[in-house]
A.B. asks: 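I'd like to ask you about the structure that follows.
Proteins come first, then strands; the chains are lettered A, B, ... in the order of their sequence lines, and each starts at number 1. Everything numeric here is computed off the predicted structure, so don't read it as measured data.
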2 protein chains.
Amino acid sequence: MTEQASPSDRSVSAPIKLLLVDDHPLVRDGIRARFEADELIEVIGEAQNGQQALDFVSQKMPDVVLMDVSMPVMNGLEATQHLRHLYPTMPVLILSMHDSREYIQQLVQTGASGYVLKDVSSDELVRAIQTVYQGGSYFSAGVSQMLFQGQVQASEQKQALTPREETVLRHLAEGSSNKEIARALDISVRTVETHRQNIKQKLDIHTAAGLARYAIEQGLVS
Amino acid sequence: MTEQASPSDRSVSAPIKLLLVDDHPLVRDGIRARFEADELIEVIGEAQNGQQALDFVSQKMPDVVLMDVSMPVMNGLEATQHLRHLYPTMPVLILSMHDSREYIQQLVQTGASGYVLKDVSSDELVRAIQTVYQGGSYFSAGVSQMLFQGQVQASEQKQALTPREETVLRHLAEGSSNKEIARALDISVRTVETHRQNIKQKLDIHTAAGLARYAIEQGLVS
DNA sequence: CGATCCCTCCGTAAAACTACGTAGGGGTAT
DNA sequence: ATACCCCTACGTAGTTTTACGGAGGGATCG
């Protein structure tokens, strides 16, 4: 009978206060609609990008943040980093379409409490939210496998790209050749090649197409 | 007082029967939830991919098909082509995340009655459905501009890829080299090269990264 | 049957990319 | 000042991709 809602008496007291972060109104509407009839979860706010999410959290503290990854202005990865820094205990559940390993690992290392793919059912989403609210971790089927596959060597290698490398990668992913990138950035082709080498080594990707794919998944282009 | 519902008396008789085609349960749930309270539109079925959509349409004729583009098994473009062929008058409203020109033009030329981006509001989606049901066309803001920009020269060039070419492109966009693709498909490296050449020529793209980007935009991968 | 398209494979040559190394200059942190 | 990282650039070598050409077998359609 305390005022403070603790995980164990959640179902009989206040619902879980959820902040919804996704740039697609349709997706937000959908999730909101699903939770409207649900007494365990209450959507107390929506945000269209990471920046709005941070603003909202600073005003009304939600219990859980449900976060899309690819968004304009500030993407889910950055937003999660900030959130983790500002509110270390606030659970962030990632809602994403992508199931690539590098992607997920990066987010988990950043501090996400869970990761669900957008092809989950509503019911599974509810379970995931409840789980992270109670301090646990939740990962969709398939996601967890990937995490534990290459965890050992992956945890220390995945290095962040330097700003310049990111620029080169962006151009590359748009379909430019080394020569074109060199012209655009006004540097030598050899330098572009060097950057490309370093990128490939850091990401452990070995084809131009693979790099393009990675860049797009990261939201670096288009 | 006729049994047959005509566009003009829609609001006082039977609601618009809608088929929902999207591979993400969350999106389907969301749209369905939005229309549950709406008496003008009734979701009479859902499909996770183009094949299922065709199957459903052949059994229960919906008034409008709301179709996502990037889906496994059979994507929205193919499905729309088939639908247009089988049921020339059935309105197909495309619901997509992508706003690239080639993309939209291809779909419109295929026979889609409308094209809305996934960042529309629910209300706009309702208007779009009503519009195409009544025989009109509906395009999100921004989309229509693109359509009329480069309409002239674009209408005759963009050739469709053959199934085999699409398969090769898919592998390529996942980051595989020609050698790896050849092994995977059990064909010669030279054949893969030929396919790649033909793809590049058809799409007028000249780098592996560009092809990967195109494939991802088309929803061929991940 | 002829025409056409698709898939398969090859030759040749140039261009681009990959892989590994080295290295100087500039900035920054300790 | 020393160490470290980033950006720049080059050498060399091998591999892959790009670009152009031709060609045979199989399926389909008129």
A.B. asks: Which residue in the set B:K202, B:K200, B:Q201, B:H206 passes side-chain hydrogen bond (donor to acceptor under 3.5 Å, both in side chains) when paired with B:D204?
C.D. replies: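 Checked B:K202, B:K200, B:Q201, B:H206 against B:D204; only one passes side-chain hydrogen bond (donor to acceptor under 3.5 Å, both in side chains): B:H206.
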A.B. asks: Are the side chain of B:T207 and the backbone N or O of A:G175 linked by a donor-acceptor pair below 3.5 Å?
C.D. replies: yes
A.B. asks: Under 4.0 Å: is that the gap between some side-chain N or O of A:T162 and OP1 or OP2 of D:dC7?
C.D. replies: yes
A.B. asks: Look at the side chain of B:E165 and the backbone N and O of B:L161, then say whether any donor-acceptor pair between them is shorter than 3.5 Å.
C.D. replies: no
A.B. asks: Got a donor-acceptor contact below 3.5 angstrom from the A:T191 side chain to the A:I187 backbone?
C.D. replies: no
A.B. asks: Has the side chain of A:D63 got a donor or acceptor atom that lies under 3.5 Å from a matching backbone atom of A:K17?
C.D. replies: yes
A.B. asks: Among A:I44, A:L66, A:V64, A:D68, find the one that has a side-chain contact (heavy atoms from CB on, under 4.5 Å) with A:L20.
C.D. replies: A:L66
A.B. asks: Can you pull the contact range of chain A along DNA chain C, 5' to 3', using atoms under 4.0 angstrom from its heavy atoms?
C.D. replies: C:dA16 to C:dA19
A.B. asks: Specify the separation, in whole Å, of atom CG of B:L211 and atom P of D:dT16.
C.D. replies: 18 Å
A.B. asks: For DNA chain C, what residues of residues 176-200 of chain A have any heavy atom nearer than 4.0 Å?
C.D. replies: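 Heavy-atom contacts with DNA chain C come from A:S177, A:N178, A:K179, A:E193, A:R196, A:Q197, A:K200.
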A.B. asks: Below 4.0 angstrom, N of the basic side chain to O of the carboxylate: do A:E193 and A:R196 qualify?
C.D. replies: no
A.B. asks: State whether B:R170 and B:E166 are salt-bridged, where the test is any N-O pair (Lys NZ or Arg NE/NH1/NH2 against Asp/Glu carboxylate O) under 4.0 Å.
C.D. replies: yes
